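Throughout, protein chains are lettered first and strands after them, A, B, ... in sequence-line order, and every chain is numbered starting at 1. This is a predicted model, so every value here is computed, not measured.
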Amino acid sequence: MSVVTRFAPSPTGFLHIGGARTALFSYLYAKRFGGKFLLRIEDTDRERSTQEAVDAIFEGMAWLGLKSDFDEVYQTQRFDRYKEVVEQMMAAGHAYYCYASKEELDAMRTEQMARKEKPRYDGRWRPETGKTLPPPPAGVQPVVRFKNPLEGQVVLKDLIKGEIVFDNKELDDLIIARGDGTPTYNFCVVVDDWDMGITHVIRGDDHVNNTPRQINILKALGAQVPQYAHVSMILGADGAKLSKRHGALGVTEYRAMGFLPEALLNYLVRLGWSHGDQELFTREEMIEKFDFDHVSASPARFDMEKAYWVNHQYLKSADPAVVVPEFDWHLRRIGVDPAAGPDLAAVIEQQRERCRTLVEMAEKSRFLYAELDAYNEKDAAKHLTADGATVLDELAAQLEALPAWTAAALHEAVNGFAAGKGLGLGKVAQPIRVAVVGMAISPPIDQTLFLLGRERTLARLRAAVAHVRGA
RNA sequence: GCUCCUAUCGUCUAGAGGCCUAGGACGGAGCCCUCUCAAGGCUUAAACCCCGGUUCGAAUCCGGGUAGGAGCGCCA
């Protein structure tokens with residue numbers, strides 16, 4: 001049987017980093033075995049599900065390049081099917097109506113807690129041979145509960161956590177349909193996974209405790225039980241759980257921070273999974289090598305420093321052409337017109353080894369596309385001195401006479417000038433840098449001037465001279 | 001409270017009884033290179049939660065602690 005996995009987020013917020021990793025693992029596992037990957041939107045909670053969240057999830061998945069092999073499934077569009085299965089279970093005696101009110105249930109729970117017991121439904125409406133049920137109260141819309149086995153155990157062979165055994169005694173009769181007839185999560189998941197032929201359920205480990213109940217429902221339905229892989233959660237850098245209030249960011253936030261999607265994926269795949277000592281994987285390698293034997297069962301912290309390092313590795317080695325669109329996006333984002341300066345790929349090539357993110361790259365490249373508005377004070381004080389101005393003044397004249405504005409010619413001109421004056425290159429390059437960049441940081445000076453172009457270079461050199469002398 | 005899960009450098013991890021004087025990577029420190037910032041090279045500090053047991057031998061297996069975490073909804 002070919003592998004079918006699914007990623008099933010509920011649209012109550014953006015696609016966060018933990019969800020993205022779960023999606024990645026699901027995607028990778030399916031691809032590894034030539035199977036299919038499905039995106040399913042679990043929107044049965046109509047109160048909290050929003051279209052914005054659905055859009056955010058799609059956007060995040062698209063940016064990461066995690067494509068579903070089928071049309072997205074919405075649970076809200078499958079209510080008829082759930083209803084049908086509920087009826088089927090009622091008919092087969094696997095489910096029953098429960099008329100207990102919420103107040104009644106609450107009271108029951110607090111009582112149990114007071115007795116230091118695990119709160120659970122006590123089965124008061126559960127039909128049993130020889131048991132007489134109270135008459136249904138009038139005007140109450142009953143919920144439907146699943147009749148969980150009373151005896152025995154459920155053995156879950158988790159691909160990540162190993163064998164986990166649950167006693168049916170610990171499980172209560174969960175609600176599968178609400179008073180208003182709508183199905184609940186645990187039930188929809190089961191029906192969907194069954195109908196869609198999901199072979200491997202890969203999800204967060206906050207679902208482990210739901211799994212035995214789901215397995216019991218599956219068995220009652222006579223369905224094949226899929227394999228499970230419960231992935232541990234991702235913690236913040238401080239070890240605390242990630243939440244909206246505490247460091248949880250949407251995947252698209254990482255785009256805004258200057259990450260390349262492939263780099264984020266690479267960082268994520270190594271968070272919990274390993275393949276010996278290898279740190280960097282192409283997407284093909286991830287697909288080829290991913291397996292659950294090497295997925296850690298313990299939670300991992302998100303380390304921004306390492307994520308930046310991975311991103312930098314990608315920036316340094318990627319084909320500049322694939323970085324261009326993202327770089328373009330970042331330049332525009334900071335109000336820079338990418339058309340007002342040198343070719344983006346050429347700039348990427350010069351900047352990438354000194355930038356860990358695209359945000360940094362955009363900021364450091366701004367001088368190539370927009371006029372300088374000020375000099376960095378410290379750098380100017382150090383390099384735009386009277387001596388510096390003399391250097392710039394004389395150099396400008398020489399550069400103006402340059403027949404061809406190439407990096408090689410500029411290299412020769414600047415080095416030759418310094419040698420002729422008996423100056424170290426630093427004495428010449430630094431004043432130039434501050435004059436044309438606005439600060440003492442940029443790619444090699446010949447490359448910097450080449451990218452900047454003749455007009456801008458000469459104008460800025462002279463402006464700097466005027467700045468020093470005029471002030 | 002009950003059930004379940006987890007536990008190797010600061011962080012991500014390698015490690016499936018001897019290959020471990022515990023390896024790699026990020027980050028840190030130092031040195032080299034150097035027109036700036038980087039990149040690169042080299043060196044270095046840094047960990048098996050604790051206690052028992054099994055075994056000739058345990059980071060690895062078992063038990064018990066301890067510490068974290070998850071779940072216990074007519075939420076997903």
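- Across B:U8 and B:C20, the matching C1' atoms stand 12 Å from one another, rounded to whole Å.
- Looking at A:D43, its side chain has no donor and acceptor atom pair within 3.5 Å of the base of B:A76.
- In this structure, A:R109 reaches the B:C74 phosphate: one of its side-chain N or O atoms is under 4.0 Å from OP1 or OP2.
- Note on A:A100: a base of the nucleic acid sits closer than 4.0 angstrom, heavy atoms only.
- Nucleotide B:U21 forms a pair with no other nucleotide shown, judged by Watson-Crick or G-U wobble geometry with both contacts under 3.5 Å.
- Checking side-chain atoms of A:T110 against main-chain N and O of A:A107 turns up a donor-acceptor pair under 3.5 Å.
- A:S232 comes within contact range of no nucleotide atom at all, as no heavy-atom separation falls under 4.0 Å.
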**Request:** Report, as a single string ordered 5' to 3', how protein heavy atoms within less than 4.0 Å touch nucleotides 12-17 of chain B: B base, S sugar-phosphate only, - not at all.
**Result:** BSSS--
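- A:A8 pairs by the side-chain contact (heavy atoms from CB on, under 4.5 Å) definition with A:R6, A:R40, A:E42, not counting sequence neighbours.
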**Request:** Using a 4.0 Å heavy-atom cut-off, write out nucleotides 28-47 of chain B from 5' to 3' as B (base contacted by protein), S (sugar-phosphate only) or - (no contact).
**Result:** -------BBBBSS-------
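- Taking atom CG of residue A:N311 and atom P of nucleotide B:G27, one finds them 13 Å apart after rounding to whole Å.
- The distance from atom CG of A:N148 to atom P of B:C72 is 15 Å, rounded to the nearest whole Å.
- B:C51 and B:A25 are spaced 33 Å apart, taking the C1' atom of each and rounding to whole Å.
- Base pairing of B:G10: its partner is B:C26, meeting the Watson-Crick or G-U wobble criterion (both donor-acceptor distances under 3.5 Å).
- Partners of A:L344 by side-chain contact (heavy atoms from CB on, under 4.5 Å), not counting sequence neighbours, listed by chain and number: A:V324, A:F327, A:D328, A:L331, A:P338, A:Y369.
- Within a 6.0 Å sphere centred on CD of A:E285, other residues, nucleotides and ligands contribute more than 12 heavy atoms.
- The side chain of A:P119 lies closest to B:G1, out of B:A76, B:C74, B:G1.
- Around atom NZ of A:K427, no more than 12 heavy atoms belonging to other residues, nucleotides or ligands sit under 6.0 Å away.
- Base pairing of B:A46 is not made with any nucleotide, judged by Watson-Crick or G-U wobble geometry with both donor-acceptor distances under 3.5 Å.
- In this structure a side-chain-to-backbone donor-acceptor pair under 3.5 Å is missing from A:E84 to A:R81.
- The partner of B:C37 is absent, by the rule that a Watson-Crick or G-U pair needs both atom distances under 3.5 Å.
- Rounded to whole Å, atom P of B:C74 lies 8 Å from atom CG of A:D106.
- In a base pair of the Watson-Crick type (N1 to N3 plus N6-O4 or O6-N4) or a G-U wobble (N1-O2 and O6-N3), with each distance short of 3.5 Å, B:C2 is matched with B:G71.
- Every residue meeting the salt bridge (Lys or Arg N to Asp or Glu O under 4.0 Å) condition with A:E117, not counting sequence neighbours, appears here in chain and number order: A:R115.
- As rounded to the nearest Å, B:G15 and B:U60 have P atoms that lie 15 Å from one another.
- Going from atom NZ of A:K241 over to atom P of B:C5 covers 19 Å, rounded to whole Å.
- Between A:K382 and A:D379, no side-chain nitrogen of the basic residue sits less than 4.0 Å from a carboxylate oxygen of the acidic one, so the salt-bridge criterion is not met.
- Comparing the same atom, C1', in B:U54 and in B:C72 gives a spacing of 37 Å after rounding to whole Å.
- Nucleotides B:A22 and B:A46 have their P atoms positioned 11 Å apart, rounded to a whole Å.
- Note: A:Y29 and A:F292 meet the aromatic proximity criterion, with ring centroids under 6.0 Å apart.
- Of the options A:R213, A:R145, A:R126, a side chain to side chain donor-acceptor pair (under 3.5 Å) to A:D173 is made by A:R126 and by none of the others.
- Checking B:C5, B:C2, B:A76 against every side-chain atom of A:E170, the shortest atom distance belongs to B:C2.
- B:G57 makes up no base pair with any nucleotide shown, lacking Watson-Crick or G-U wobble contacts both under 3.5 Å.
- Residues satisfying the salt bridge (Lys or Arg N to Asp or Glu O under 4.0 Å) criterion with A:D167, sequence neighbours excluded, are absent altogether.
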